[in-house]
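The figures that follow rest on heavy atoms only: side chains count, while hydrogens, waters and symmetry mates do not.
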Amino acid sequence: MNIKSLAAVFAFLALAALLFITGCDRTGTNGPASDVAYYTCTMHPSVKSHDPKAKCPICSMDLVPVKKKTEAAPTNHVHGQTSAPAQETNSMETPTEFVVPIERQQQIGVTYATVQKQPLHRTIRTVGVVAYDKQRHWDFVSRVDGYVQKLHVSSRGDIVEKNQPLVTIYSPDLLTTQREFVDLLRIRDEAAKSNSDASVASAERMLESARRRLFLWNITTNQIAELEQSRQPKDTLTLFSPFKGVVQSIGVDQGRRVMTGEHLVDVADLSLVWVWADFYQDELALLKKGLPVSISGSTSESESFQGKIALVDPFISEATRTARVRIDVENADFKLQPDLFVNVALELDRGEGLTVPLSAVMPTGERNIAFVDKGEGRLEPRFVELSGKFGTNYGIKAGLSDGERVVNSANFLIDAESKVQGALKSF
């Protein structure tokens with residue numbers, strides 16, 4: 001045998017030995033060599049190698065295996081039509097496990113969180129504006145022509161007690177009507193002395209008409225009763241506050257002539273106020289009448305007040321996509337003033353349920369994904385359904401079980417690994 005033949009034999013034996021050793025090295029935690037198409041870098045997918053021990057020439061990271069794609073199942077021919085089998089569709093939608101070595105996880109900073117049951121407590125915060133209760137506001141207008149003889153309040157913001165005088169009006173028409181009322185009282189008394197039932201009935205009808213006219217002029221029942229006893233007509237009319245409140249505005253001055261319907265004084269009862277707050281449209285489903293709400297001022301030293309939702313405005317603002325919510329708040333000391341900006345906090349208790357940190361869930365637009373630790377570097381992508389955000393956690397409706405560990409940080413790098421290894425085939 002010549003030298004060339006011996007060299008060819010040795011080369012063949014060396015190549016066979018190299019192939020045998022390479023095949024043995026590829027059998028390990030990363031799976032058999034027959035399942036691996038090539039090895040690549042998760043940070044630089046353009047790098048490809050058939051050596052499982054090679055490192056990325058760009059970042060010097062270990063390469064990860066990329067499995068071979070499974071061949072598509074034969075199509076079904078039904079009456080000349082070709083249709084893909086259902087198993088292929090399901091395999092494209094179902095995530096599969098993939099492997100990220102523990103050393104690699106440490107390099108990229110992977111941490112884990114445990115799925116556990118916790119109270120589902122959520123706080124919705126917004127801002128609101130204080131307004132007076134429309135049913136606790138009284139706008140006094142003149143119901144008779146006359147002149148303002150005296151103002152018993154001086155300026156806006158004055159606190160008035162119940163039945164405190166507000167304004168006194170001098171009116172000749174009022175004097176004339178009261179004189180007519182006193183004359184009718186005298187006629188009724190004379191008819192009663194003469195025992196004339198018809199005259200008494202006629203006088204009573206005219207008295208009732210005059211009494212009603214006085215009442216329509218804002219003369220109270222007590223003032224009319226006092227006139228019946230004293231029989232002394234007055235040319236002035238004093239208006240009294242119907243409740244304890246705050247003067248909102250004064251529309252006249254002393255000595256000014258006023259006409260019927262002219263604005264005099266506004267008084268608002270602030271013992272109960274409204275707070276109008278704006279909530280986004282996706283929060284409206286959580287709002288119900290009677291829910292307790294906490295109200296506070298804009299500074300940290302501000303006192304806190306408790307209120308309840310009284311009304312949810314069904315009309316949505318086109319510009320802000322929010323709806324106004326009316327909150328009734330007790331304000332016995334009048335510390336909440338109209339047009340004051342306040343902070344609104346709504347505490348919602350949804351019971352108890354499974355939770356994971358916000359960073360453990362990776363939203364993809366259509367679905368939410370969490371990576372479940374299966375041990376020894378194996379990870380499983382899992383589609384999860386969320387029940388809402390509760391503080392720093394998500395509530396889990398489906399997809400995870402109590403006690404499972406999920407990736408809590410470096411999710412995007414883990415997602416890159418899963419894409420390279422084909423664990424997530426569709427999103």
inquiry  = For residues 329-342, which residue pairs pass the side-chain hydrogen bond (donor to acceptor under 3.5 Å, both in side chains) check, not counting sequence neighbours?
reply    = Glu303-Lys335

task = Sorted by first residue and then second, give each side-chain hydrogen bond (donor to acceptor under 3.5 Å, both in side chains) pair with at least one member in residues 391-405; sequence neighbours left out.
result =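 Residue pairs passing side-chain hydrogen bond (donor to acceptor under 3.5 Å, both in side chains), neighbours aside: Gln118-Asn393, Asp373-Arg405, Arg382-Glu404.
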
Looking at [X] and [Y], would you say the former's side chain and the latter's main chain have a donor-acceptor pair under 3.5 Å?
| X | Y | answer |
| --- | --- | --- |
| Gln105 | Val110 | no |
| Asn408 | Thr111 | no |
| Ser49 | Ala54 | no |
| Arg211 | Ile224 | no |
| Gln106 | Glu103 | no |

Excluding sequence neighbours, so at least two apart, what forms side-chain contact (heavy atoms from CB on, under 4.5 Å) with [X]?
| X | value |
| --- | --- |
| Leu175 | Arg179, Pro233, Asp235 |
| Glu318 | Arg321 |
| Phe243 | Trp138, Ser241, Val267, Asp269 |
| Lys244 | Ile159, Glu161, Phe334 |

Modelled atom types, side-chain donor and acceptor of [X] and [Y], under 3.5 Å:
| X | Y | result |
| --- | --- | --- |
| Asp145 | Thr260 | yes |
| Ser304 | Ser294 | yes |
| Thr168 | Thr238 | yes |
| Gln149 | Thr236 | no |
| His121 | Glu347 | yes |

message = Below 30° counts as parallel, above 60° as perpendicular, anything between as tilted: where do the rings of Phe98 and Phe371 land?
response =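 The rings of Phe98 and Phe371 stand perpendicular, inter-plane angle above 60°.
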
Under the salt bridge (Lys or Arg N to Asp or Glu O under 4.0 Å) rule, collect the residues that match up with [X], sequence neighbours excluded.
| X | result |
| --- | --- |
| Arg156 | none |
| Lys234 | Glu226 |
| Asp133 | Arg136 |
| Lys55 | Asp62 |

inquiry  = Both conditions, 6.0 Å and 45 degrees, for the charged tip of Arg326 above the ring of Trp274: are they met here?
reply    = yes

key: Qualifying residue, where the test is side chain to side chain contact (heavy atoms under 4.5 Å, CB included) with Ile327 and the options are Val344, Val130, Leu311   =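 Running side chain to side chain contact (heavy atoms under 4.5 Å, CB included) over Val344, Val130, Leu311 with Ile327 returns exactly one hit, Val344.
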
ask   = Do NZ/NE/NH1/NH2 and the carboxylate oxygens of Glu380 and Lys374 come within less than 4.0 Å?
value = yes

ask   = With the threshold set at 4.0 Å, does a side-chain nitrogen-carboxylate oxygen contact exist between Glu208 and Arg205?
value = no

Sequence neighbours excluded, every pair satisfying salt bridge (charged side-chain N to carboxylate O under 4.0 Å, His left out) that has a member inside residues 163-177 = none

Residue list, ring pair (Phe, Tyr, Trp, His ring centres under 6.0 Å) with Phe279, at least two apart or on another chain =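 Phe279 satisfies ring pair (Phe, Tyr, Trp, His ring centres under 6.0 Å) with no residue once adjacent residues are dropped.
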
key: Contact check, side chains of Val356 and Ile396, non-hydrogen atoms, under 4.5 Å   =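 They are in contact (side-chain heavy atoms under 4.5 Å apart), so the answer is yes.
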
inquiry  = Please find the pair of heavy atoms, one from Leu63 and one from Cys41, that lie closest to each other, and give the distance.
reply    = CD2-N, 3.6 Å

